[in-house]
Amino acid sequence: MSTEGGTRAILAALAANLGIAVTKFVAFLLSGSSSMLAESVHSLADSGNQGLLLLGGKKAKQEATPEHPFGFGRERYVYAFIVSIVLFSIGGLFALYEAYHKYHESRLHGGAIESWQWLPVAVLLAAIVMEGFSFRTAVKESNHSRGKRSWKEFIRSAKAPELPVILLEDFAALVGLVFALIGVSLTLITGSGVWDAFGTGAIGLLLVSVAIVLAIEMKSLLIGESANPAARRRIEEALSSPAGIERVIHAKTMHLGPEEILVAAKLAVAPGSDAAAIADAINQAEAAARATEPDLTLLMYLEPDIDLAARGDAPARG
């Protein structure tokens, strides 16, 4: 479900950004607006980012190999991290450079928009409508998996990177369009290109901030995050449910991809149990854990042990 929803959100954002990028660039060529150039590059970078997310999703579906025995699920995290770098450099830093250049040009020559004056405003208003459609799609698809979490919690805890990335990109795009609209409008009203430069600078700071947030979240996923607390609790309860398992001594989980979790656990079995009974209990525990998380692929490594700590003999072996 998360993969399908993420793909729909990516395609909606890609279609919107390609159309917006071309329209903004034409408006820049006709009007010379700095904000329009920054927004053109921003939309072009966003389009490339959506292509990267699609590529990451495709590569993540590769079958496991001897060299990569746990598969390629983290490809989606890698490409999402690259997206943050592209957004920071091509989007944010370029906009800040353009703002600096436009500001100094405006101080020397005025920098007013002298031709096709109201075209940038019309283009920005149309872009807000198209970007709003893309953002609405991302919100709709995210609500399927967000549950009762706040948007901040959803972005911080989501294991599938596509929807948080698209949400933040689309949000930044909408706010950036408003900054550009304010800058262009004030330039048209006052005749000073300084306002256009300020609008461009605001866009750059916004994109840099969003890129940093994305980089932090994707870095955490790349390093390896555990399953969410609710999933961990369900898995541990399922592992201890068979009659031959006394309790879970300890368990660790780690996402190998958005839908793949590595589970390593030590399970306490009764002293004197024969090998066949222990094997049967372990198999039942594994089946129970898989049944409780049907939407996830669990790669499980379960070790039986005698729970000496519970009997007061000695600490359980780690």
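All residue numbers refer to positions in the sequence shown, counting from 1. Being a predicted model, the structure only gives us computed values, none of them experimental.
Atom CG of L44 sits about 10.0 Å away from atom CG of N49, to the nearest 0.5 Å.
Using a distance-only test at 3.5 Å, with no hydrogens or angles considered, a donor-acceptor pair links the side chain of R74 to the main chain of L222. S43 places no side-chain N or O within 3.5 Å of a backbone atom of S40 that could act as its donor or acceptor partner. A donor-acceptor pair under 3.5 Å is absent between the side-chain atoms of R247 and the main chain of A268, judged by distance alone. Under the 3.5 Å distance criterion, the side-chain polar atoms of S134 are left unmatched by any main-chain donor or acceptor of E131. A donor-acceptor contact shorter than 3.5 Å is absent between the side chain of E293 and the backbone of A289. With hydrogens and angles disregarded, a donor-acceptor distance shorter than 3.5 Å links the side chain of S84 to the backbone of F81. Side chain of K61 to main chain of F72: no donor-acceptor pair is present (N/O by atom type, distance under 3.5 Å, no hydrogens or angles). In this structure a side-chain-to-backbone donor-acceptor pair under 3.5 Å is present from Q62 to K59. The backbone N or O of A197 sits nowhere less than 3.5 Å from a side-chain atom of Y100 that would complete a donor-acceptor pair.
Counting heavy atoms from C-beta outward, T200 and D196 have side chains that approach closer than 4.5 Å. Side chains of N143 and R146 form a contact here, defined as non-hydrogen atoms less than 4.5 Å apart. The shortest side-chain heavy-atom distance between W151 and L167 falls under the 4.5 Å cut-off. Between E246 and P271 there is a side-chain heavy-atom pair separated by less than 4.5 Å. A 4.5 Å side-chain heavy-atom check between N228 and S157 finds every atom pair outside the cut-off. T297 has its side chain out of reach of E259: every pair of non-hydrogen atoms, C-beta onward, lies at least 4.5 Å apart.
Few gaps surround CZ on F154; more than 12 heavy atoms of other groups in view lie less than 6.0 Å from it.
Using a 30° and 60° split on the angle between ring planes, Y97 and H101 fall in the parallel class, below 30°. Using the six-membered ring where Trp is involved, F198 and Y103 have ring planes that are parallel, under 30° apart on the 30 and 60° scheme.
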Decide side-chain contact (heavy atoms from CB on, under 4.5 Å) for L262 and Y301; before the verdict, give the C-alpha distance in whole Å, the side-chain angles of both, and the deciding distance to 0.1 Å. CA-CA 8 Å; L262 174 66; Y301 294 88; 3.6 Å; yes
Given V184 and L188, is the side-chain contact (heavy atoms from CB on, under 4.5 Å) satisfied, shown in steps? CA-CA 6 Å; V184 169; L188 290 172; 4.1 Å; yes
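The closest side-chain donor-acceptor pair between Q284 and D280 falls under 3.5 angstrom.
E225 has no carboxylate O lying under 4.0 Å from a charged side-chain N of R156, or vice versa, which leaves the two without a salt bridge.
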